[in-house]
Engineer: 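One structure coming up, written as structure tokens, with questions to follow.
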There are 2 protein chains.
Amino acid sequence: MASSRRARLYGGMDAEERRAERRLKLIDAAIEVYGEVGYRGATVKAICEAAELTERYFYESFANSEALLIAAYNHVVGHLHEEMTAAAAAGGDDAEMRLRAALTLYFTRLKEHPKPARVFLLEISGISPAVDAVKLDALRVFSDILVPPALDAKGSDKSGTATLLSNGMVGAVISIALRWVSRQYPQPVEDVVAVAASFCRVALTEANHRQDPRLR
Amino acid sequence: MASSRRARLYGGMDAEERRAERRLKLIDAAIEVYGEVGYRGATVKAICEAAELTERYFYESFANSEALLIAAYNHVVGHLHEEMTAAAAAGGDDAEMRLRAALTLYFTRLKEHPKPARVFLLEISGISPAVDAVKLDALRVFSDILVPPALDAKGSDKSGTATLLSNGMVGAVISIALRWVSRQYPQPVEDVVAVAASFCRVALTEANHRQDPRLR
DNA sequence: GTTATCTGACAATACGGATTGTCAATACTG
DNA sequence: CAGTATTGACAATCCGTATTGTCAGATAAC
């Protein structure tokens, strides 16, 4: 019963496995095509051609273009965040060190993969409420990786200042990244990291100052 | 000859004047409609209805939807920047004071006009290269208003750090603004200004530190 | 009042892409 | 090998909007 008759194998693969493979190919192809013509310029047909699949398989895995965009975004960003978290952990106990490690990894990857960078930095905005929600979620994670929310800030922030700070920080980093990418990396990674870090430091230190307003 | 036969008057207006008036009505209507359904959801027809004009007049003044978007953007942002410049000037000689004055005006206006705020903060990105160029230009102006480029920084920045700093600063402010607007203004203007200013201060002070790297 | 100009409503056309459907070719199973 | 599941190519349909065109009615000039 446990291994009830499985679906016919093709290329040594389960029906499920084949489906999963096609799904991945579509995601990879989408990233590629988005990078060429942007999300808006990307037609279902073009993506399918790039994936060497036909439209039928598109709708097998995704309800519509937007679903694929979200899947592709999560695919890329999820992996990136994992790497950043690992890099931060490897950075030791010092908040400053971990921050720099995470940022360095971030900008390094951005430089290694220009195509997805452009799309997922820029075009991900304003597509639809669903996409925006996904992006907001990712940005929250991003922020928490860079500057982990202090436990002791729990009660001391009824005003929502912490939210503003983390917004600003993420906005600064993303904005720097965006321009750096679209100008094709005019500055070395270290310089970019240094500047980005100086904005993150605002969120890092300002949160503490807040505890004792007299410091400012 | 000087006052050669002008076009027939309608409603006491020149042909030119009527055209200009229609153009303005279209821009106002566009801002309204964009605010309701977003730029992408805004059809030519809907905008024309809101403007109480027919499509014919749309194409009289604009080559296509994108042209109207750009015109509307420049209309709103141009005015805003004028006001910010004035506010900054009224702030006196102190860079910090001028910064706060400009930011206060900025966030105050944002709160007064939620609809255009959303569109021109968010949806303006990634429409097309032409629109992006217009936006980049506006952001440069914005940056220069907040933190006027120091004259003495001329030679000391071959690395493009100043560019990175101003990108980050603008990114932080815009990002804060965006979320603040879409969350319907949870914090008072003063708090938002204070946090935004702390990010701007990075660009303000970091530029100086750069002159003597030992300071950091 | 007559005529030329301008206006508003709306029809006609054009276009591009999403989504679904058909069918023959191919790859596996027994 | 015969039979069925699976695939790939592509046609057919659907849908919505941009853009252009038509025409009767309204408005100003003389």
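Within every chain, numbering begins at 1; the chains are lettered A, B, ... in the order of the sequence lines, protein sequences first and strands thereafter. Both backbone and side-chain heavy atoms feed into the values below; hydrogens, waters and symmetry mates do not.
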Engineer: How long is the line joining CZ of A:Arg18 and P of D:dG8, in whole Å?
Structural biologist: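 Whole-Å distance recorded here is 10 Å.
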Engineer: List, with names and distances, any nitrogen or oxygen atoms from the protein found under 3.5 Å away from nitrogen or oxygen atoms belonging to nucleotides 10-13 of chain D.
Structural biologist:
none

Engineer: Please list, for nucleotides 1-4 of chain D, all pairs of protein and nucleotide N/O atoms separated by less than 3.5 Å.
Structural biologist:
unit_1 : atom_1 : unit_2 : atom_2 : d
D:dT4  : O2     : A:Arg8 : NH1    : 3.0
D:dT4  : O2     : A:Arg8 : NH2    : 3.1

Engineer: Would you please indicate yes or no on a ring centroid separation below 6.0 angstrom for A:Tyr185 and A:Phe107?
Structural biologist: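 A:Phe107 vs A:Tyr185: aromatic centres not under 6.0 Å.
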Engineer: What integer distance in Å separates A:Glu52:CD from D:dT7:P?
Structural biologist: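 Spelled out: CD on A:Glu52 to P on D:dT7 is 15 Å.
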Engineer: I'd like to check the side chain to side chain donor-acceptor pair (under 3.5 Å) partners of B:Lys25; sequence neighbours left out, ordered by chain and number.
Structural biologist: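 Listed in chain order: nothing, the list is empty.
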Engineer: Could you list by number each residue of residues 34-45 of chain B showing a heavy-atom separation from DNA chain D of less than 4.0 Å, or answer none if no residue does?
Structural biologist: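 Heavy-atom cutoff 4.0 Å gives B:Thr43, B:Val44.
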Engineer: Let me know the distance between CD of B:Glu60 and P of D:dA18, rounded to the nearest Å.
Structural biologist: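 Atom CD in B:Glu60 sits about 18 Å away from atom P in D:dA18.
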Engineer: Just to verify, what does A:Arg179 make a side chain to side chain donor-acceptor pair (under 3.5 Å) with, not counting sequence neighbours?
Structural biologist: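 Result, side chain to side chain donor-acceptor pair (under 3.5 Å) vs A:Arg179: B:Asn167.
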Engineer: Side chains of residues 76-84 of chain B: which donor-acceptor partners sit under 3.5 Å, not counting sequence neighbours?
Structural biologist:
unit_1  : atom_1 : unit_2   : atom_2 : d
B:Glu83 : OE1    : B:Arg109 : NE     : 2.8
B:Glu83 : OE2    : B:Arg109 : NE     : 3.3
B:Glu83 : OE2    : B:Arg109 : NH2    : 2.9

Engineer: Identify all side-chain donor-acceptor contacts of residues 47-59 of chain A below 3.5 Å with residues at least two apart in sequence or on another chain.
Structural biologist:
none

Engineer: Could you list the residues that satisfy side chain to side chain donor-acceptor pair (under 3.5 Å) with A:Asp137, not counting sequence neighbours?
Structural biologist: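 A:Asp137: side chain to side chain donor-acceptor pair (under 3.5 Å) contacts with A:Arg140.
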Engineer: Can you list the residues that meet the salt bridge (Lys or Arg N to Asp or Glu O under 4.0 Å) rule with A:Arg100, with sequence neighbours excluded?
Structural biologist: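 Listed in chain order: A:Glu96.
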Engineer: Quick one: on DNA chain D, does A:Leu53 or B:Ser65 contact a more 5' nucleotide (nearest heavy atom)?
Structural biologist: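 Residue closer to the 5' terminus by nearest nucleotide: A:Leu53.
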Engineer: Starting from C1' on D:dT19, measure out to CZ on B:Phe58 and report it in whole angstrom.
Structural biologist: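 Checked: the CZ to C1' distance equals 10 Å.
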Engineer: Can you tell me the distance, in whole Å, between the CZ atom of A:Arg22 and the C1' atom of D:dG8?
Structural biologist: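 Distance, rounded to whole Å: 11 Å.
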Engineer: Report the residues that fulfil salt bridge (Lys or Arg N to Asp or Glu O under 4.0 Å) with B:Lys115, sequence neighbours left out, ordered by chain and then residue number.
Structural biologist: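 Scan of B:Lys115 (salt bridge (Lys or Arg N to Asp or Glu O under 4.0 Å), adjacent residues dropped) gives B:Glu32, B:Glu36.
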Engineer: Name all residues meeting the salt bridge (Lys or Arg N to Asp or Glu O under 4.0 Å) criterion together with A:Glu60; count only those two or more places apart in sequence or in a different chain, and write none if there are none.
Structural biologist: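 With sequence neighbours excluded, A:Glu60 shows a salt bridge (Lys or Arg N to Asp or Glu O under 4.0 Å) to A:Arg22, given in chain and number order.
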Engineer: Please figure out whether A:Gly12 or A:Ala63 has its closest DNA chain C nucleotide nearer the 5' end.
Structural biologist: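 Checking each residue's closest nucleotide, the 5'-ward one belongs to A:Ala63.
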Engineer: Mind calculating the distance between CD (A:Glu49) and P (D:dG8) to the nearest angstrom?
Structural biologist: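 These atoms are roughly 14 Å apart.
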Engineer: Looking at B:Arg18 and B:Glu21, is any side-chain nitrogen of the basic one under 4.0 Å from a carboxylate oxygen of the acidic one?
Structural biologist: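 The answer is no: the pair does not qualify as a salt bridge.
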Engineer: Roughly, in whole Å, what's the span from CD1 in B:Ile47 to P in D:dT17?
Structural biologist: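 Between P of D:dT17 and CD1 of B:Ile47: 12 Å.
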Engineer: For B:Lys135, give me all partners under side-chain contact (heavy atoms from CB on, under 4.5 Å), at least two apart in sequence or on another chain.
Structural biologist: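 Applying side-chain contact (heavy atoms from CB on, under 4.5 Å) to B:Lys135 gives B:Tyr73, B:Ile124, B:Ser125, B:Leu139.
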Engineer: Whole angstrom is fine here: how far is it from OH in B:Tyr59 over to P in D:dG21?
Structural biologist: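 After rounding, the gap between these two atoms is 12 Å.
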Engineer: Using a cut-off of less than 4.0 Å, is there contact between a side-chain N or O of B:Tyr57 and OP1 or OP2 of C:dT7?
Structural biologist: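 Answer yes for this pair, as a side-chain N or O of B:Tyr57 is under 4.0 Å from OP1 or OP2.
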